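Accompanying notes for the structure given below.
Just so it is clear, the structure is predicted and the values come from calculations on it, not from any experiment. Values below: every heavy atom of this structure, side chains too, minus hydrogens, waters and symmetry copies. Naming: A, B, ... by sequence-line order, numbering from 1 per chain.
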Amino acid sequence: MNTAEFISSEQMIPTGDSDVTSVPIRGENDFDLAQRQLDKTNFSEQERRNTIGHSQADKDVAPRLDVRETVLQGFRGVVVAVDLEEREFEARLTDMTDPEEEEFATFLMDEEPEQDLILLEVGAQFYWHIGFSEGKHEPRTNFSKIRFRRFPVWQRSDLDRARRRASQLLDGIVTEPAPDQVVFRTEIHY
Amino acid sequence: MTRLSIEKVNIVLVGSFNPTIFHPAWFDANELVSGEADHSNDQTFLATQEIAQFKLPNQISIRVFKNKFIAETSYESSVQMLIDLVVGTFQLLVHTPVSAVGINLENTYENIPADTWKSMGGIVAPKDTWYKTYSYMEDLDQQKQDVFGLWSQTMKIPRCDEYEGSIFHQMSVVDVPNRCLKVSINNDLNCNRDQNNAESALSIIQDGAEKIISETKCNARRFMEELGVSL
């Protein structure tokens, strides 16, 4: 693998008729790269009309990233109780930088985005980040963000993978009869 | 004072993809995101047979080409959601052939002090070789000599963890007047060649992405310290 082939997010753009792959041009933003790829592709007129923002004028207003976030503290949370009357939930928190540290906290449901509340139930997992954002032309702003994790429905392949992993773990466990001849059976249910 | 102005994290999957299936509505329908992002004002929105490009909630952007899937965020608080999203996506599309994974960090530093800016090229690429190769340079006037300097550099570095692949550490000048430097660290990770699907990539991302990103951030910080840049 040479240096022009590493797995960057920048899509390499073919140069004219040559087979040589050029390195991305410095300073191009993502939009430019996609735009150049688009220009080199034979799209139908309908497809071109279906795309939004492919004029030179649009390029000039492509959003600039000038605000950066700094996370001061992050927690993983697991909901342990939901009180619908009081509209609050209790969660067990683990510090991301120190997983040994566990804390409990109560959060108000009204402070969470409505679309996340459908995920709120005992056992639901979330991330809680506390920090600030600031930009060259933006004042420092503190934030506290809670985002509930979304897990897709278990697929057959996930179950197969879990079974394989469980079987590997099981292979590593040596079971010997206890002195009183009681044999423990290990059963794994999915 | 030097400022880390952009810190982007992206996860790239190399393989064979169908960009037409990737659309904000698909992510919403599969409950991978909390509500479909409003893309009516998204100037970068593209949906064609060759490219899909759009933004999703939680400041995540997606680009899909026929050979690459790229999920990216420049918000530190969205990195875990980015990992969850990629894992969720390819748990649904597990039969997609994926040959390699890139877990990458792209930092842009601006306003590097002038004296550090001048000296840091010499730290990673000593000048002697170039002055000997282009021997006329010593005879040039100062204004012309000032043009000389490091423009970009990529180092290939072996990995020390359990993953197969390499680290590509790249630095490049972005903006000379504002003394702006981009440092990209690409963790190129090979997938299991025996599997012609996304399972191996999923294992890498699910089990390793968070740790790899955290270590990559440490490496970026150490590198800047070595160059003499304090943040």
Side-chain angles (χ1 to χ4, degrees), chain A residues 1 3-11 23 26-27 29-31 33-35 37-38 41 43 47-48 50-54 58-59 61-63 65-71 74 76 96 113 115-116 118-119 127 129 131 133 135-136 143 145 147-155 157-158 161, chain B residues 3-8 10 12 14 30-35 39 42-51 53 58 61 63 65 68 70 72 74-78 80-81 84-85 88 91-92 94 100-102 104 106 110 152 154 156 166 168 170 172-175 184 186 188-189 197 199 203:
Chain A
M1 185 182 277
T3 54
E5 287 175 334
F6 59 84
I7 308 164
S8 79
S9 61
E10 293 176 321
Q11 180 70 355
V23 293
R26 189 181 299 103
N29 62 26
D30 303 339
F31 180 82
L33 290 163
Q35 175 63 33
Q37 182 83 24
L38 186 66
T41 313
F43 295 118
E47 281 176 327
R48 284 189 182 278
N50 286 343
T51 65
I52 298 171
H54 57 265
D58 288 330
K59 263 166 80 168
V61 294
L65 294 163
D66 48 14
V67 175
R68 197 180 79 82
E69 271 188 355
T70 301
V71 171
R76 291 174 209 283
M96 283 185 195
Q115 64 266 31
D116 273 359
I118 56 164
L119 302 169
Y127 297 113
H129 292 102
S133 60
K136 203 171 182 181
F143 67 76
K145 292 180 186 175
R147 280 145 172 183
F148 279 84
R149 298 183 70 182
R150 290 173 171 266
F151 297 102
V153 177
W154 284 77
Q155 305 288 306
S157 58
D158 299 323
R161 198 165 57 223
Chain B
R3 181 174 164 262
L4 173 56
S5 56
I6 303 171
E7 186 181 61
K8 279 189 202 174
N10 61 57
V12 182
V14 177
N30 285 292
E31 299 181 3
L32 291 164
V33 294
S34 53
H39 56 80
D42 182 359
Q43 305 286 343
T44 61
F45 185 90
L46 286 172
T48 73
Q49 286 181 358
E50 307 289 325
I51 304 163
Q53 177 171 285
N58 295 324
S61 60
R63 268 175 297 150
F65 298 85
K68 258 186 196 181
I70 304 154
E72 183 170 86
S74 50
Y75 287 76
E76 197 180 347
S77 67
S78 294
Q80 278 100 1
M81 298 306 280
D84 280 359
L85 181 79
Q91 276 179 343
L92 291 171
V94 74
V101 175
N104 309 322
E106 192 183 295
E110 62 181 30
S152 71
T154 306
K156 184 177 182 180
S166 303
F168 288 88
Q170 188 175 40
S172 53
V173 172
V174 178
D175 178 358
S184 307
N186 292 53
D188 283 14
L189 306 157
N197 57 30
E199 279 199 28
S203 300

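- The most heavy-atom pairs under 4.5 Å with chain A, out of B:Asn186, B:Asn197, B:Asp175, come from B:Asn186.
- For B:Leu189, the part lying under 4.5 angstrom from a heavy atom of chain A is the backbone only.
- Under the rule for a salt bridge (charged side-chain N to carboxylate O under 4.0 Å, His left out), the partners of A:Glu69 that lie at least two apart in sequence or sit in another chain are A:Lys145.
- Not counting sequence neighbours, the partners of B:Asn58 by the side chain to side chain donor-acceptor pair (under 3.5 Å) test are A:Arg147.
- The most heavy-atom pairs under 4.5 Å with chain B, out of A:Gly74, A:Pro113, A:Gly131, A:Gly135, come from A:Gly135.
- Counting all heavy atoms, side chain and backbone alike, B:Ile6 lies closest to A:Arg68 at N-CD, 4.0 Å.
- Most heavy-atom pairs under 4.5 Å with chain A, from the set B:Met81, B:Arg3, B:Glu7: that is B:Arg3.
- Residue A:Phe148 touches chain B through its backbone alone, counting heavy-atom pairs closer than 4.5 Å.
- Looking at B:Ser78, the atoms closer than 4.5 Å to chain A (heavy atoms on both sides) sit in the backbone and in the side chain alike.
- For the atom pair CE (A:Met96) and CD (B:Gln80), the distance works out to 4.0 Å, reported to the nearest 0.5 Å.
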